[in-house]
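Every chain is numbered from 1 and lettered A, B, ... according to where its sequence line falls, protein lines coming before strand lines. The figures here come from the full heavy-atom set of this structure, side chains too, leaving out hydrogens, waters and symmetry mates.
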Amino acid sequence: MINPLRGMKDLTFEESERFEYIVNTAATIARRYGYGYIETPILEETALFKRSVGESSDIVGKEMYQFTDKGENDVCMRPEGTAGIVRAFISAKLDRQPVKQKFYYYGPMFRYEKPQKGRLREFHQFGCESFGEASVYEDFTIITMIAQIFDALGIGYELQINSLGCQVCMPKYRETLVSSLNEIKEELCEDCNRRIGTNPIRVLDCKNDKCQALLVESPKLKDYLCEACDPDFRKLKELLDQEGIKYTVNDNLVRGLDYYSKTAFEFVSSEIGAQSAIAGGGRYDRLVEFLDGKPTPAVGFALGIERIMELVKMPEKEPEGYYMGAMTPEAIPTLLKLATKKRLTDKVTVEYSSKGFKSHMKGVDKANPRYAVLIGEDELNNGTIWLKDLESKEEQVIDINDL
RNA sequence: GUGGAUGUAGUUCAGUUGGUAGAGCACCAGUUUGUGGCACUGGGUGUCGCGGGUUCGAGCCCCGUCAUCCACCCCA
């Protein structure tokens, strides 16, 4: 027997329905905010992700499904969505028009990780990217939209926000932080020492209690924000307060991808285990130019569909359509003709084996239709059908052409 | 990549000291070819993850391997 590869899953029945429900709900709301659907390739040139996500990140460093294709191209399966969308935006030369563009997408992403709860090798994200809008109002709007999506899905969450600063203030802060960390280097854990070189801000997030105690006195990014970033971050908080969206400022919140700046946010659930981030995003004003486009401010987010699937409860299914069955084999062709006609407008389940009334009624219960249609010998001879409304329990024999 | 746990029916799980496979749910058939959900009767549907080893004998013990789950790490 051939099974799916490690960390990859088949979705069927209620799972695939939950998946569709989440995508449909999110897409409906995104369209209301002016987003249009974009579809980009799953396979991209490896250089795209090295330049966007950043070579220092684990994603690019060790988790990509990367290979050389038959044309000797260095390619990989996308590990995230934003890079491809930005590439498409630039490929279409949309960066040369002063028009704001908003795209939503969803689809599979691939990371060669060790699977655990909420972490698959093939997983699915829904995301939005807004190009050309530099105002923090857009950051606020995008956060509001995600909150609306989660409210619509009936999911509880905690919102964490932070400002990562921009190219003016971030490097200065990073420098200060690194030198401060180097002073206490010997006492910090092994992981932290590694992070000082790779992603020093991550050190602040260490779960080791001893490290946390040492870090209390470390410089905080919020004290280093510049005249542009600081007021924007204040504005964002004011707007969220005004909207009644609860949030906590997490000084240690860092995005895992290198391209983020200024506003960063994460929606977290406490109900799904260690992989608790259900949506994350932020501003990435520099990414378009990193990928050879004209400088274009942008902000976006992605939500993890599988993680959200653990949290949503589906609305109960209403009985729908028709069940059709025959109690005499001769009636089946008649039934098929009727089903084809009815299927122009309704869901129809047809039972191909002729059997007794009681057996059919058991089939009816399984199919969960609104109506049951049966044809027996009498009906066949008279050109009629037996029709029952399963809800009102009313039944009648009517002419076959009247259905 | 590191650590821990677990692999038995479609599913959830039981299986004693090593003695030839078991329950609930689900499923299938039937209970007069005309009134469903209930009930009753019958049916086990299995490569005990896989490969070795120990043993007269392995679901159980040993080794290896694969997979799953959980946590670290990372991240959506």
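Within the 4.0 angstrom heavy-atom criterion, no nucleotide atom of any strand lies near A:L374. Using a 4.0 Å heavy-atom criterion, one finds that A:G325 contacts no nucleic acid atom at all. Backbone-only contact: A:G273 has heavy atoms under 4.0 Å from sugar-phosphate atoms and none from a base.
Taking A:D232 as the reference, A:K262 meet the side chain to side chain donor-acceptor pair (under 3.5 Å) condition, with sequence neighbours excluded.
Atom P of nucleotide B:G36 and atom NZ of A:K393 are separated by 10 Å, given to the nearest angstrom. Going from atom NZ of A:K117 over to atom P of B:C69 covers 10 Å, rounded to whole Å. For A:E113 and B:C73, the CD to C1' distance is 9 Å, given to the nearest whole Å. Distance A:E14 CD to B:U11 P: 14 Å, rounded to the nearest Å. Atom pair A:E15:CD and B:U11:C1' shows a separation of 14 Å (rounding to whole Å applied). Residue A:Y260 contributes atom OH, which lies 11 Å from atom P of B:C75 at whole-angstrom precision. Rounded to whole Å, atom P of B:C38 lies 9 Å from atom NZ of A:K362. Rounded to whole angstrom, the span from the CD atom of A:Q160 across to the C1' atom of B:C75 amounts to 14 Å.
Rounded to the nearest Å, the gap between the C1' atom of B:G59 and that of B:U20 is 11 Å. Nucleotides B:G44 and B:U2 have their P atoms positioned 47 Å apart, rounded to a whole Å. Of the P atoms belonging to B:C13 and B:C69, the separation is 14 Å, rounded to the nearest Å. Taking atom P on both nucleotides, B:G22 is separated from B:G43 by 13 Å, rounded to a whole Å. B:G37 and B:U6 are spaced 44 Å apart, taking the P atom of each and rounding to whole Å. Comparing the same atom, C1', in B:A14 and in B:A21 gives a spacing of 11 Å after rounding to whole Å. Rounded to whole Å, the P atom of B:G49 lies 45 Å from the corresponding atom of B:U33. Across B:A58 and B:G3, the matching P atoms stand 33 Å from one another, rounded to whole Å.
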Could you walk me through whether A:Y173 and A:D223 pass side chain to side chain donor-acceptor pair (under 3.5 Å), step by step? CA-CA 9 Å; A:Y173 170 68; A:D223 301 325; over 6 Å; no
As a quick check of understanding, evaluate side chain to side chain contact (heavy atoms under 4.5 Å, CB included) for A:T82 and A:Y105, giving each step before the final call. CA-CA 9 Å; A:T82 302; A:Y105 66 91; 4.2 Å; yes
Please determine whether side chain to side chain donor-acceptor pair (under 3.5 Å) holds for the pair A:T349 and A:E351, giving the CA-CA distance in whole Å, both sets of side-chain angles, and the decisive distance to 0.1 Å. CA-CA 7 Å; A:T349 306; A:E351 173 57 53; over 6 Å; no
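The side chain of A:Q275 sits closest to B:C73 out of B:U35, B:C73, B:A71. Across B:C70, B:A76, B:G36, the shortest atom-to-atom separation from the side chain of A:K114 is found for B:C70. Residue A:R6 places its side chain closer to B:U68 than to any other of B:U35, B:U68, B:G34. Listed nucleotides: B:U35, B:A76, B:G37. Nearest to the side chain of A:R307: B:A76. Nearest nucleotide to the A:K358 side chain, out of B:G34, B:G36, B:C73: B:G36. Looking at the side chain of A:S359, the nearest of the listed nucleotides B:G34, B:G30, B:C74 is B:G30.
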Secondary structure of RNA chain B per the Watson-Crick/G-U criterion (both distances under 3.5 Å; [ ] crossing, | other strand, . unpaired) is (((((((..((((.....[..)))).(((((.......))))).....(((((..]....))))))))))))....
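Across the interface with RNA chain B, nearest-nucleotide mapping of A:A302 and A:T328 shows A:T328 to be the residue nearer the 5′ end. In terms of position along RNA chain B, the nucleotide closest to A:P329 lies nearer the 5' end than the nucleotide closest to the other residue of the pair A:I305 and A:P329.
Residue pairs satisfying the salt bridge (charged side-chain N to carboxylate O under 4.0 Å, His left out) criterion with at least one member in residues 167-184 of chain A, sequence neighbours excluded, are absent.
Considering only heavy atoms from C-beta on, A:D74 stays 4.5 Å or farther from A:E45 through its side chain. Counting only heavy atoms from C-beta outward, the side chains of A:V86 and A:E129 never approach each other to under 4.5 Å.
In this structure, A:H124 has its ring center under 6.0 Å from that of A:F19. Note: A:Y104 and A:Y35 fail the aromatic proximity criterion, with ring centroids not under 6.0 Å apart.
Residue-to-nucleotide contacts include no donor-acceptor pair under 3.5 Å from the side chain of A:K355 to the base of B:U33. Judged by distance alone, with hydrogens and angles left aside, A:E395 brings a side-chain donor or acceptor within reach of the base of B:U35, the pair sitting under 3.5 Å. Not a single donor-acceptor pair, N or O on each side, falls under 3.5 Å between the base of B:G1 and the side chain of A:E63. Taking 3.5 Å as the limit, the base of B:C69 and the side chain of A:R119 contain no donor-acceptor pair of atoms between them.
Proximity of A:K366 to the phosphate of B:C28: a side-chain N or O atom is located under 4.0 Å from OP1 or OP2. Contact annotation: A:R111 does not reach the phosphate of B:C75 (side-chain N/O to OP1 or OP2, under 4.0 Å). The side chain of A:Q116 places an N or O atom within less than 4.0 Å of a non-bridging phosphate oxygen (OP1 or OP2) of B:A71.
Counting only N and O atoms by type, the side chains of A:E158 and A:T248 include a donor and acceptor under 3.5 Å apart.
Using a 5.5 Å limit on the distance between ring centres and a 30° limit on the angle between planes, the aromatic ring of A:W386 does not count as stacked on the six-membered base ring of B:G34.
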